[in-house]
Every structure is written in structure tokens, then in C-alpha cells.
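Quick caveat: nothing in here was measured; it's all calculated off a predicted structure. Every chain is numbered from 1, with letters handed out A, B, ... down the list of sequences.
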Protein chains: 2
Amino acid sequence: MAKSNDWGGPNRQWVIAEHPVTTLEARHFEYREAPVAEPGPGEVLLKTHLLNIAPVMRMYMMQGGAAGEAPLEIGEVIHGRGVAEVIASNHAGFAPGEFVQGQLGWQTWKVSRMTDAEKFRRLKPHGLPIHHALTVFGMTGFSAYCGFFGRGQPRPSDAVLVSGAAGGVGSLVVQMARLHGCAPLVGIAGGPEKCSLIEKLGCDVAIDYKADDVAAAIRESFPAGVDLYFDNVGGEILEAALGHLAPGARVVLCGSISEYQRQTPFGPRNYTNLRRANADMRGFFVYNHSAEFDAAEAAMAAWLTEGKLKAPVDVVSGFEAMPRALMDMFESTGGGKRIVQVVEGDIACY
Amino acid sequence: MAKSNDWGGPNRQWVIAEHPVTTLEARHFEYREAPVAEPGPGEVLLKTHLLNIAPVMRMYMMQGGAAGEAPLEIGEVIHGRGVAEVIASNHAGFAPGEFVQGQLGWQTWKVSRMTDAEKFRRLKPHGLPIHHALTVFGMTGFSAYCGFFGRGQPRPSDAVLVSGAAGGVGSLVVQMARLHGCAPLVGIAGGPEKCSLIEKLGCDVAIDYKADDVAAAIRESFPAGVDLYFDNVGGEILEAALGHLAPGARVVLCGSISEYQRQTPFGPRNYTNLRRANADMRGFFVYNHSAEFDAAEAAMAAWLTEGKLKAPVDVVSGFEAMPRALMDMFESTGGGKRIVQVVEGDIACY
């Protein structure tokens with residue numbers, strides 16, 4: 001076995017310096033370097049190629065933890081998923097040269113026993129760029145597919161509203177609703193650039209929450225009410241949607257970015273509207289749907305190969321950019337899935 | 001055709017004197033007397049025997065109306081359902097001597113065209129007292145049956161929580177959950193008397209929201225979380241239940257008595273808990289389920305006849321007592337279905 005230094009370290013890491021309470025700031029993060037560890041018996045040495053950036057990461061950083069990940073103590077590596085290459089392996093199930101996605105944390109190297117808790121998943125040979133492992137073939141794609149089809153139970157005749165429509169999950173849901181034939185299909189995003197993006201992806205109407213009266217725009221766009229609302233944001237926009245439901249409507253609660261930076265959570269004051277409409281508000285948490293991931297991946301790989309589905313990415317270059325890449329997410333819901341490219345060079349096919 | 005006076009009038013009425021904003025008070029009501037009208041062509045003359053009292057009536061009285069009934073102008077007869085006898089009929093579908101339940105309003109006589117809007121329903125000859133038309137065979141019973149079975153989709157293995165458990169709907173849901181085999185079965189009610197009632201009806205545990213820490217009591221009673229929460233109250237108790245859901249839980253939103261007297265509605269701040277549990281919050285409005293009423297009535301009539309279901313009533317005597325009977329509801333969720341007996345004497349079988 002080679003010595004640590006031979007792997008090309010050091011292991012660059014972002015650890016938590018302070019638990020955020022409201023707005024996420026640079027002082028919450030600290031950069032460190034450590035030697036690359038040797039893989040022991042049953043262990044794998046992973047080299048990070050790509051890291052995911054998602055608003056939920058702020059929740060991971062909160063005092064006491066949240067959103068299904070273990071609480072982070074000060075000085076611990078921040079939680080996050082990414083794509084890595086197996087560099088060395090003492091594990092029967094993984095061979096050097098293979099690519100995996102899973103819980104790497106904000107670091108450039110990881111030694112792992114590949115336990116269930118880390119939720120590693122081998123990249124399948126679709127002949128598609130590896131970054132798709134963090135878009136359609138990652139939790140983003142599975143959230144969109146399993147959330148929309150599994151929890152939303154869309155009928156082709158459904159009038160569909162998507163918030164955070166330019167974001168990683170939202171931009172996929174918009175396209176799936178279009179592929180399913182849903183109309184009208186209306187997206188909510190922040191600013192003209194993102195509104196233009198979601199129109200290109202298939203929205204009949206793009207509502208700009210930074211400029212428009214969202215509730216009025218929803219009423220105008222849905223003469224017979226909203227049949228299916230895919231919610232990535234929560235808060236006041238959820239209220240606006242609850243104010244205009246069609247009979248039998250379904251609201252899929254996938255994300256609530258508007259909540260992540262609030263100190264006092266905001267409950268939708270008009271939730272009783274669900275009663276008159278005999279409507280459902282359905283909670284969705286992607287890891288509860290892992291049995292559906294393979295089917296979702298196969299369906300989305302076919303769409304991607306046929307050019308029917310696009311997975312817009314927003315690639316940020318360099319591991320050093322991680323904190324800024326996350327903090328920026330809260331200025332707006334993002335245009336495409338945000339990814340940090342840790343290993344320089346073209347994102348390879350696999 | 002006999003003259004108006006021959007019917008035994010006058011028509012005694014309670015009309016709205018002022019729209020309530022917060023607490024319902026005596027000044028919101030005004031008593032009037034009018035002649036009994038003659039039924040015209042196609043019309044029926046109805047004599048009120050029983051009137052229903054339900055917290056939702058305060059909503060009907062609000063400025064602009066609410067809860068599915070037309071807004072009430074000052075001086076109009078307050079909305080309410082009841083049981084009436086057909087005294088005279090120029091309508092091919094109804095004969096004198098028949099009993100009906102439907103939208104009578106707070107008055108002792110009504111002339112009606114028996115339109116769909118009034119939602120009249122003929123009493124079926126079950127050989128049971130007519131007051132059951134306002135319990136199990138009325139909207140109360142249909143709310144319990146269609147809400148619990150239709151929207152709640154209970155499994156016999158479900159751990160069930162019912163709020164407003166001593167009330168009209170709640171007391172029936174408790175018994176249906178017991179008949180279905182659900183355990184643990186826990187009810188929430190106000191005060192020792194009502195808690196004792198719901199234990200007699202089948203609750204394993206009765207939580208007294210006036211004395212107990214509801215959230216702590218829920219945690220203690222449901223080691224594996226709540227599978228099905230039947231919500232009659234909304235507000236803080238809904239939040240307490242949302243704080244302790246089992247995976248795949250269903251929350252049936254049937255009523256929200258805690259909201260009716262609030263000026264600012266209260267949204268459940270922890271609704272995002274639905275996500276982690278992959279849980280549903282399902283709105284329920286009884287009139288959306290009218291196609292299921294006959295089946296519900298048949299099932300409940302069988303249970304009632306076999307002695308498996310009890311429909312506790314809280315009978316208030318005399319039409320003059322209507323306003324007080326309603327105002328008292330807001331002090332607590334009631335022990336059994338509250339009914340005002342307008343025609344004196346025993347409540348007859350039919």
C-alpha cells in the first residue's frame with residue numbers, strides 16, 4: 001500500500017466554524033487541510049470529482065442538525081453529496097476506476113466503508129456525462145421524478161404549478177409535467193433570466209415572484225384552479241397556491257427554501273382551504289423512495305438520451321468556492337442544478 | 001288551502017343582527033316572528049322539529065359568509081340544518097307526514113321548493129329516533145364516516161388520534177376507529193367529564209387539553225408515532241399532532257373549531273414535518289362526498305341497531321335557546337351532538 005502523500009493530497013476540507021441561526025455567512029465556514037487517510041480493511045479511498053450544492057445544506061449546519069443528517073459539531077466536515085472515483089479499494093464491492101455518488105462531505109478525499117448510512121450509489125454506464133449523477137441520476141432527479149409522479153399522481157389533464165421552477169428539482173419537474181401533457185403549466189421563479197429559462201423548458205406562463213403579484217398571477221393563469229402544485233419553496237408562495245386550489249388538488253411538499261433562513265417558521269394560514277377542495281398536502285422526502293430510484297433512473301436516462309429532458313447545470317469551478325456557492329443560493333432559487341467542480345478539466349462521460 | 005294562521009304559527013325566527021368578528025355574543029342575534037307562509041305551486045310547507053347546533057354556524061354568520069353557505073345580510077334568518085315534518089305539499093316528491101332533514105334555517109316553519117341547494121334528504125325508516133337524522137344520518141355522521149374511512153383510509157393496525165373527540169363528529173370517529181380495530185386509540189377533549197365520555201366510547205387514553213401538555217401526552221401515547229390523526233380543531237393541537245407523525249401518516253382535516261373565533265388564522269408552523277414522514281394532510285368537506293351518503297347511512301344504521309355504535313346527543317330544549325346553545329359550543333368542543341328540540345315532547349321513532 002502506498003503512503004498517504006502518494007495519493008496526491010492533501011485532503012482539503014470545509015468544516016463548520018459556527019452554527020448559522022439566520023443568514024448564512026462566511027464566518028460559519030472554515031477551510032482546513034489534512035493528510036489523505038489510508039483505506040483500512042473493507043474500506044475504499046474516494047477522490048472527489050464533483051460536489052453538490054443545495055439549500056438544504058444550511059439545515060445540516062444548524063445547531064442540532066436537521067433534514068435527516070446527523071447534527072454537526074463545530075470543526076466537523078460539512079455534509080454533502082458528490083461524485084467520486086474509487087482510487088483504492090479493500091472492499092469486495094468496489095474496484096479502482098469506478099465512479100460512485102453518495103455522502104462525501106465537503107472534502108476532496110474520503111475513506112469510506114460504503115455503509116448504508118452514506119447512501120452510495122454506483123454510476124451506471126449511460127454514456128452520459130458524470131455530472132448527471134448530481135442532476136437526474138442523483139437526489140435532485142429522484143426528487144423530481146418520485147415527487148412528481150409518485151406523490152403528485154399527475155393526470156395528463158392536470159393544471160400544474162411549480163415553484164422554484166428554475167432550480168435543480170423544479171426545472172426537471174417542469175419538463176416532466178410537459179412530457180406528461182399537463183396544461184396549463186405554470187412556473188414561479190425569481191427574475192427575468194430564470195423566467196426565460198423556465199419558458200424554454202416548457203412553462204406556458206412564468207411568474208416572477210420578485211416582480212409579480214404571485215396570488216393574482218396564479219388566479220389569472222388557472223381559471224379552474226390548480227390541480228397539482230409542486231412546492232419547492234413553502235411560505236407565502238405556498239399560501240398563494242393554497243388560495244386557488246381546484247377540487248381534488250394535490251400539493252406536493254418537496255422543499256421549503258423560504259423556511260431555511262427563518263428563525264420562526266411560517267405556517268400556511270389558509271391550510272383549511274384544503275377542506276373545501278377535498279385537497280391533499282403530501283409531504284415528500286426523497287430517501288423514503290429509494291426503492292423507486294432504479295426505475296426513475298431508467299426513465300430519465302431514456303428521456304435524456306432522446307433529447308426530451310434537459311438537466312441544466314450551473315457549474316462553479318474549484319473546491320475553494322464551496323461556501324460562496326451555497327450562500328448565493330439564498331439570494332434566489334438558482335438557474336439549473338448547482339455543482340462545484342473539484343477536479344479541473346472537462347466533465348467526462350461515463 | 002287553509003289560511004296561514006291555521007298552521008299553528010307564528011313562524012319564530014332567529015336572524016342575524018350583527019356580523020361577529022371575534023367572540024360570538026347575544027347582540028349578534030335577533031328574535032323575530034313572522035306569519036307562516038302558504039306553500040305555492042311546487043312548494044312544501046315544513047314544520048321544524050329539531051335544529052342542529054354546530055360551531056361552523058359562526059362562520060356562516062361572518063361578514064361575507066364562509067364554509068360553503070351564502071353570505072348572510074343583516075336581518076336574514078341564520079343558516080342551519082334540521083329535521084322537519086312535511087305539513088302540506090304541492091310538490092310531487094313529498095307527501096304530508098314525511099320527515100326530511102336539510103337546510104331549514106333558524107326558524108320554526110319554512111316554505112321550500114326542495115332545491116338541490118337546500119340539500120334536503122328524506123329520513124329513511126330505520127325504526128330509530130328521528131334525532132339520529134342530525135347525528136349519524138346527518139352531516140355529522142357522514143362527516144365521521146366519509147372522513148374517517150374515505151379520506152383517512154384507516155388500516156386496522158393504525159395508531160389513531162382524534163381531537164374534538166367528545167364532539168358530534170369526534171365521538172363517532174372514536175367508535176368507528178374502535179370497531180375497525182385501531183390501537184392505540186387516543187382522544188383529545190376538554191375537561192374530566194368529556195374525557196370520561198370518550199374513554200367509555202373506546203379511547204385507550206383521553207388527553208384533557210385543558211389540563212394536560214398535549215404534545216407530551218401524544219409523544220407518550222404513541223411510541224411509534226401517529227398513523228392517522230382526525231382533526232376537528234386545528235391550531236396548536238394540529239401542530240402537536242404534526243410533531244409526532246409516523247411514516248406514511250394521514251391527517252384528515254375535518255374541522256377547525258380553534259380557528260372560528262380567531263381574527264388572524266393560525267397556520268401550523270411545523271407542516272414541513274409532513275415531508276420527512278411522507279405524510280399527507282387531507283382536506284375533507286362533507287358535501288363533496290354526497291355520493292357516499294347512502295352507503296354510510298346503511299353501515300351506521302346496522303351498527304346502531306346492533307348496539308355497536310352510540311350517538312350521544314346533548315339536547316337543548318326550546319327554540320328560544322338557539323343563540324346560547326351555539327355560543328356555549330365555543331367554551332368547549334361539546335359532549336355529544338348538540339341539538340335543539342323545537343317541538344316539545346318525546347323525540348319520536350320513525
Side-chain angles (χ1 to χ4, degrees), chain A residues 56 59 66-69 143 146-147 150-153 231-236 238-239 242-243 245-260 262-292, chain B residues 56 59 66-69 143 146-147 150-153 231-236 238-239 242-243 245-260 262-292:
Chain A
V56 72
M59 303 284 275
E69 295 292 343
S143 292
C146 303
R151 291 295 272 158
Q153 297 181 283
D231 182 28
N232 288 306
V233 304
E236 290 84 352
L238 172 58
E239 273 196 353
L242 287 173
L245 298 178
R250 287 132 282 142
V251 174
V252 177
L253 300 176
C254 177
S256 41
I257 188 169
S258 76
E259 296 288 326
Y260 297 166
R262 268 187 228 266
Q263 243 178 316
T264 310
F266 176 90
R269 292 161 296 186
N270 59 349
Y271 74 98
T272 54
N273 283 0
L274 293 167
R275 286 168 44 199
R276 192 73 207 285
N278 249 60
D280 285 5
M281 197 146 90
R282 300 179 177 174
F284 173 75
F285 183 62
V286 66
Y287 291 116
N288 292 331
H289 293 260
S290 53
E292 305 158 35
Chain B
V56 72
M59 303 285 275
E69 295 292 342
S143 291
C146 303
R151 292 295 272 158
Q153 299 182 282
D231 182 28
N232 288 306
V233 303
E236 289 84 352
L238 172 59
E239 272 195 353
L242 287 173
L245 298 177
R250 287 131 283 141
V251 175
V252 177
L253 301 175
C254 178
S256 40
I257 189 170
S258 75
E259 296 288 325
Y260 298 166
R262 267 187 228 267
Q263 244 179 315
T264 309
F266 176 90
R269 291 161 296 185
N270 58 349
Y271 73 97
T272 53
N273 283 2
L274 293 168
R275 286 169 46 201
R276 192 72 206 286
N278 249 60
D280 285 5
M281 197 146 89
R282 301 180 178 174
F284 173 75
F285 184 62
V286 66
Y287 291 116
N288 292 331
H289 293 260
S290 52
E292 306 158 33

Let me know if B/Arg250 has heavy atoms under 4.5 Å from chain A in its side chain, its backbone, both or neither. neither
Do you know which two heavy atoms are closest between A/Phe266 and B/Tyr271, and how far apart they sit? O-CE2, 3.4 Å
Those residues at least two apart in sequence (or on a different chain) that pass side-chain hydrogen bond (donor to acceptor under 3.5 Å, both in side chains) with B/Arg282 are B/Gln153, B/Asp280
Under the side-chain hydrogen bond (donor to acceptor under 3.5 Å, both in side chains) rule, collect the residues that match up with B/Asn278, sequence neighbours excluded. A/Asn288, A/His289
Which heavy atom in B/Arg275 sits nearest to a heavy atom in A/Phe285, and how many Å separate them? O-CB, 3.0 Å
Checking heavy atoms, do the side chain of B/Leu238, its backbone, both or neither come under 4.5 Å from chain A? side chain
